[in-house]
Amino acid sequence: MKVGYARVSTIEQNLNLQIDALKQAGCEKIITDEISDSVAERPGLNKLKEILRKDDILIVWRLDRLGRTLKHLIEWVNELEQQGVGFKSLQETIDTTTSGGKLVFHIFAALAEFERNLIRERTRAGLEAARTRGRQGGRPKLLPENKRKLVVELYTSKKHSIKDICQMMGISKPTLYKYIREQNG
């Protein structure tokens, strides 16, 4: 069975164009969502997971209607493939029921993985370069060393409440306790 999926991001948008194209492609059933792609839970996608069976074909008007990101889209198509369900995108003319369509989709997946690896390598190289120049990562200390010692002295003198110390120094309770732990280290 051919099952279509159509989605629009806002109520002002119209599903008619997508639904007409899906009907023309031979979809016997069409599931719709009227929800932003930034929302992880989409009722229509959940329904698709329930109704799709082996040898069915999921058809979308465009790739971006199904997946929030390329990674999300690849995960979806891989899951479909494991279930024996085909996938077609009408605008991009991708059809995983053919060997050529599978090839194109796997090239997309390989490019996405390549991009993730490049980003990871660049991040690591940037951090290493910063470390060699003496820069440490993480958030800077809120208070200089002498004021951190003062916080601990005020705490150990027990002349001020914890709330008062935090207000005087402009720090939170967890930060105060962190300074105490560092000093008693």
#### Entry: Arg124/Glu121 ion pair, N-O < 4.0 Å
no
### Message
Within the supplied structure, the quantity of interest is the number of heavy atoms (other residues, nucleotides, ligands) at a distance under 6.0 Å from Gln91 CD; does it exceed 12?
### Response
yes
### Task
Test Asn14 against Val8 for side-chain contact (heavy atoms from CB on, under 4.5 Å), laying out the working first.
CA-CA 7 Å; Asn14 193 316; Val8 290; 5.9 Å; no
### Message
Applying side-chain contact (heavy atoms from CB on, under 4.5 Å) to Val3 and Glu28, what does each step give before you reach the verdict?
### Response
CA-CA 6 Å; Val3 178; Glu28 300 161 44; over 6 Å; no
### Query
With the 4.5 Å side-chain cut-off for hydrophobic clustering, are Met1 and Val60 part of the same group?
yes
### Query
Just wondering, are more than 12 heavy atoms of other shown residues or ligands nearer than 6.0 Å to CD in Glu145?
yes
### Task
Determine whether Tyr155 and Ile165 make a side-chain contact, defined as any pair of heavy atoms from C-beta on separated by less than 4.5 Å.
yes
### Message
Whether Asp95 and Lys88 form a salt bridge (side-chain N of Lys/Arg under 4.0 Å from carboxylate O of Asp/Glu) is what I want to check.
### Response
yes
### Task
State the CD-OG1 distance between Glu128 and Thr123, to the nearest 0.5 angstrom.
13.0 Å
### Task
With rounding to the nearest 0.5 Å, note down the distance linking NZ in Lys178 to OG in Ser172.
9.0 Å
### Query
Heavy atoms, side chains only, cut-off 4.5 Å: are Lys102 and Glu81 in contact?
yes
### Task
State, yes or no, whether a side-chain contact exists between Glu92 and Arg62 at a heavy-atom distance under 4.5 Å.
yes
### Query
Taking side chain as C-beta onward, heavy atoms only, is Phe105 less than 4.5 Å from Leu73?
yes
### Task
Drop me the distance from Lys163's NZ to Lys173's NZ, to the nearest 0.5 angstrom.
8.0 Å
### Minimum-distance pair of heavy atoms, taken over all atoms of Met169 and Leu150
CE-CD2, 4.2 Å
### Message
Taking Leu111 as the starting point, is it possible to reach Ile74 by hopping between hydrophobic residues whose side chains are less than 4.5 Å apart?
### Response
no
### Task
Calculate, to the nearest 0.5 Å, the distance between atoms CG and CD belonging to Leu15 and Glu34 respectively.
5.0 Å
### Task
Take Lys47 and Glu50 through the test salt bridge (charged side-chain N to carboxylate O under 4.0 Å, His left out) and record every step on the way to the result.
CA-CA 5 Å; Lys47 187 167 184 161; Glu50 292 173 18; over 6 Å; no
### Query
Ignoring hydrogens and geometry, is there a side-chain-to-backbone donor-acceptor pair from Asp20 to Leu17 under 3.5 Å?
no
### Nearest heavy-atom neighbours spanning Asp33 and Leu45
OD2-N, 3.5 Å
### Query
Would a 4.5 Å heavy-atom cut-off, applied to side chains only, mark Ile51 and Lys29 as touching?
yes
### Query
Would a 4.5 Å heavy-atom cut-off, applied to side chains only, mark Thr32 and Ile30 as touching?
yes
#### Entry: Taking every non-hydrogen atom, the tightest pair across Gly86 and Thr97
CA-CG2, 3.7 Å
### Query
Taking atom CD of Gln82 and atom NZ of Lys54, what is their separation to the nearest 0.5 Å?
13.0 Å
### Summary
CG of Asn117 to CZ of Arg122, rounded to nearest 0.5 Å, is 11.0 Å
### Query
If every non-hydrogen atom of Leu22 is compared with every non-hydrogen atom of Ala6, which pair is closest and at what distance?
CD1-CB, 4.0 Å
### Query
Transitively linked via ILVMFWY side-chain contacts under 4.5 Å: Met168 with Tyr177?
yes
### Task
Indicate yes or no for a side-chain donor-acceptor contact from Thr156 to the backbone of Val152 under 3.5 Å, with no hydrogens or angles considered.
yes
### Task
Please report the shortest heavy-atom distance between Ala112 and Leu70, naming the atom on each side.
CB-CD2, 3.4 Å
### Task
Evaluate side-chain contact (heavy atoms from CB on, under 4.5 Å) for Leu176 paired with Tyr179, printing each intermediate quantity in order.
CA-CA 5 Å; Leu176 178 133; Tyr179 292 156; 5.7 Å; no
### Task
Go through the steps for Phe87 and Ile59 under the test side-chain contact (heavy atoms from CB on, under 4.5 Å), then give the verdict.
CA-CA 6 Å; Phe87 173 74; Ile59 302 176; over 6 Å; no
### Message
Less than 4.5 Å apart, side chain to side chain, heavy atoms only: is that true for Val85 and Ile57?
### Response
no
### Query
Can you tell me if Arg131 uses its side chain to pair, donor with acceptor, with the backbone of Gly126 under 3.5 Å?
no
### Query
Within the side chain of Arg65, is there an N or O that forms a donor-acceptor pair under 3.5 Å with the backbone of Arg7?
yes
#### Entry: Exercise: identify the closest heavy-atom pair between Leu58 and Gly4
CD1-C, 4.4 Å
#### Entry: Linked, directly or transitively: Trp61 and Leu48 (ILVMFWY side chains, under 4.5 Å)
no
### Message
A side-chain contact here means heavy atoms from C-beta on lying under 4.5 Å apart; do Arg42 and Tyr5 qualify?
### Response
yes
